[in-house]
There are 2 protein chains.
Amino acid sequence: MAQPIRLHQVSPLKASCHQCSLSNLCLPLAVEDNELYRLEDIVQQGRIFSRGEHIFDQSTPFRSCFAVKSGAIKTSIISENGEEQVTGFFMPGELVGLDSMGSKNYACTAKALERTSVCEFPVDRLEELTAKLPDLQHHVYHLMSQEIQGSHQLAMLLSKNTAEERIAALLLSLSSRFHRRRMSGTNFSLPMARNDIANFLGLAVETVSRVFTRFQNQGIISARGREVELLDVEALQTVTREFSRQNQ
Amino acid sequence: MAQPIRLHQVSPLKASCHQCSLSNLCLPLAVEDNELYRLEDIVQQGRIFSRGEHIFDQSTPFRSCFAVKSGAIKTSIISENGEEQVTGFFMPGELVGLDSMGSKNYACTAKALERTSVCEFPVDRLEELTAKLPDLQHHVYHLMSQEIQGSHQLAMLLSKNTAEERIAALLLSLSSRFHRRRMSGTNFSLPMARNDIANFLGLAVETVSRVFTRFQNQGIISARGREVELLDVEALQTVTREFSRQNQ
DNA sequence: GTCCGTTATTGATTCATGTCAAAGCCCTAC
DNA sequence: GTAGGGCTTTGACATGAATCAATAACGGAC
């Protein structure tokens, strides 16, 4: 279908959502094709962060949300006494920073787990745009509610489930997120270290390590470092009995 | 200051945010006086629920958010295998249902902990209104992000803190929420049963009970059933070292 | 006021997971 | 290619909180 020609040229600083392979996962998902230029107007092509770099931290004034384009990000909160709690992992197509909406500073710290590129959505402009595009507003509400639900699901996992159940749940969650991007859901490489997994799931690193080897001995998975293969998804689902709804 | 007379009469079904004592905590907080009638236009005076009644559950189609007017509500998610996880307690002035925004059904079950009255905000109309009132939209984003943050804080509490720390944190959170309503922050009655506290904090009831008596023996609190007095807030804060930021 | 079901407390024991300690592995940088 | 530091694994042991079990207190209904 021929699109009417728009006078909005793609500048080097502007992202082209039209051409982005993640447009069916990211915000463009909720914007009509003929309105997409409005989103492109406000998006800024973010820079590339190398592994370990901070995208922002809890002392940064909150300006923007970030969509992951490639790579992966972990977010965590750090308490007064310096303890860290990993609150999430963000993969391509996912939006980081929603937990800070309406706050003065970011509510968490975001760190690139690997070489990562992002698109930046300045919130003041995003809020203007969501007021104009009801579908987009609805979608942002939806994304935020998803994040609340995911976090509640995590709380449930933390308070009710064993180490094995937690890890099975995480593996399945990652699996479905890879799958959504049309990548293998059974053969992938973990973007995060054991340490991050442990912290996220409220476990000691040693426990994570032990569960991985246990799963391996049972033939459920096969793992070498960050390389993982899910050999028996059924078995993992049996272990879990929950967390399934976390990603829609 | 004289307000221009509005032709919007207060019908029995409509709430009067103007006269509501909670207007400085609830949504009216983010609406200019001269726009308040718009909010009143969409609010429905909800009915009164008696203790134990469901406001909605996970099979109810999502239609509305509810503001607590009096009483208290607990929300929880119930997993496939029937396990319950209490996800929050809502006191007067607080908004229930944000975790379901954009979903087909409610994401949780809401139950009145005591005789409770609510105001109802149908979401379709609320979304229309937030598109028209930028401040209100901003506030809703803010409330949702607060809920994400609170839930992350809970996850941290669950994964990093001892039973004593969790309970101290909850007591302080309740204290500050009572205080915000200009009620005593040191002398109040818990709206929820020990069981709900236990479930929320990922503990066994027995543990909650034991910690209560321990705190009592240490002279930190004094408790008789649901009646609680905080005798040494400092001590509680020392126990906690976190969770403080949970309520703004 | 009294009865009965629910909720709370207290005690004894068990167990999953944390902690401490020590190798081993891998990956990067020189 | 090799050296170094950071991750990861594995083992031994300690422990906080769960579980099981029983009693006690409460609170609503009649």
Side-chain angles (χ1 to χ4, degrees), chain A residues 50-53 72 74 83-86 111-115 156-171 189-218 221-228 239, chain B residues 50-53 72 74 83-86 111-115 156-171 189-218 221-228 239:
Chain A
S50 45
R51 168 199 275 236
E53 256 187 294
K74 88 164 179 195
E83 272 190 310
E84 179 181 15
Q85 168 72 48
V86 175
K111 203 172 178 180
L113 289 169
E114 49 193 60
R115 204 177 160 70
M156 179 149 196
L157 207 63
L158 291 172
S159 79
K160 302 269 186 303
N161 296 79
T162 65
E164 300 204 344
E165 290 163 343
R166 298 183 207 183
I167 289 173
L170 178 62
L171 289 174
S189 104
L190 300 170
M192 73 296 277
R194 296 284 186 278
N195 221 328
D196 295 323
I197 295 179
N199 187 304
F200 180 63
L201 297 177
L203 299 168
V205 205
E206 294 93 326
T207 306
V208 173
S209 197
R210 277 186 253 267
V211 172
F212 265 78
T213 50
R214 220 176 301 158
F215 280 170
Q216 204 149 197
N217 294 337
Q218 296 170 327
I221 68 170
S222 138
R224 261 187 59 81
R226 295 189 176 193
E227 234 41 63
V228 188
V239 174
Chain B
S50 45
R51 167 198 276 236
E53 258 188 293
K74 87 164 180 195
E83 271 190 311
E84 178 181 16
Q85 168 73 45
V86 174
K111 203 172 176 179
L113 289 168
E114 49 193 60
R115 203 178 161 69
M156 178 148 195
L157 206 64
L158 291 172
S159 79
K160 302 271 186 304
N161 296 78
T162 65
E164 299 204 345
E165 289 163 343
R166 299 184 207 183
I167 289 173
L170 178 62
L171 288 175
S189 103
L190 300 170
M192 72 295 276
R194 296 284 186 277
N195 221 327
D196 295 323
I197 296 179
N199 187 305
F200 180 63
L201 296 176
L203 298 169
V205 206
E206 294 93 325
T207 307
V208 173
S209 198
R210 277 186 252 269
V211 172
F212 266 77
T213 51
R214 219 176 301 157
F215 280 170
Q216 205 148 195
N217 293 337
Q218 295 170 328
I221 67 169
S222 139
R224 261 186 59 80
R226 297 189 175 194
E227 235 40 62
V228 188
V239 174

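Below, read A as the first sequence line, B as the second, and so on, with proteins coming before strands; counting in each chain starts at 1. These numbers were taken from a predicted model, which means no experiment stands behind them.
A salt bridge is absent between A:E114 and A:R226; no separation between the charged side-chain nitrogens and carboxylate oxygens falls under 4.0 Å. We find that B:K74 and B:E84 are joined by a salt bridge, their nearest charged nitrogen and carboxylate oxygen being less than 4.0 Å apart.
The CD atom of B:Q85 lies 9.5 Å from the CG atom of A:N161; values are rounded to the nearest 0.5 Å. Distance CG/A:L203 to OG/A:S209: 12.0 Å, rounded to 0.5 Å. Between the CG atom of A:L201 and the CG atom of A:D196 there is a distance of 10.5 Å, given to the nearest 0.5 Å.
Formation of a donor-acceptor pair under 3.5 Å by the B:E227 side chain with backbone atoms of B:R224 is not found in this model. The backbone N or O of A:V239 lies less than 3.5 Å from no partner atom in the side chain of A:E164, so there is not a single donor-acceptor pair.
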Going 5' to 3' through nucleotides 3-18 of chain D and flagging B where a protein heavy-atom sits under 4.0 Å of the base, S where only the sugar-phosphate is that close, and - otherwise, we get -----SBBBB----SS

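Where DNA chain C meets chain A (any atom under 4.0 Å from a heavy atom), the bounding nucleotides read 5' to 3' are C:dT17 to C:dC26.
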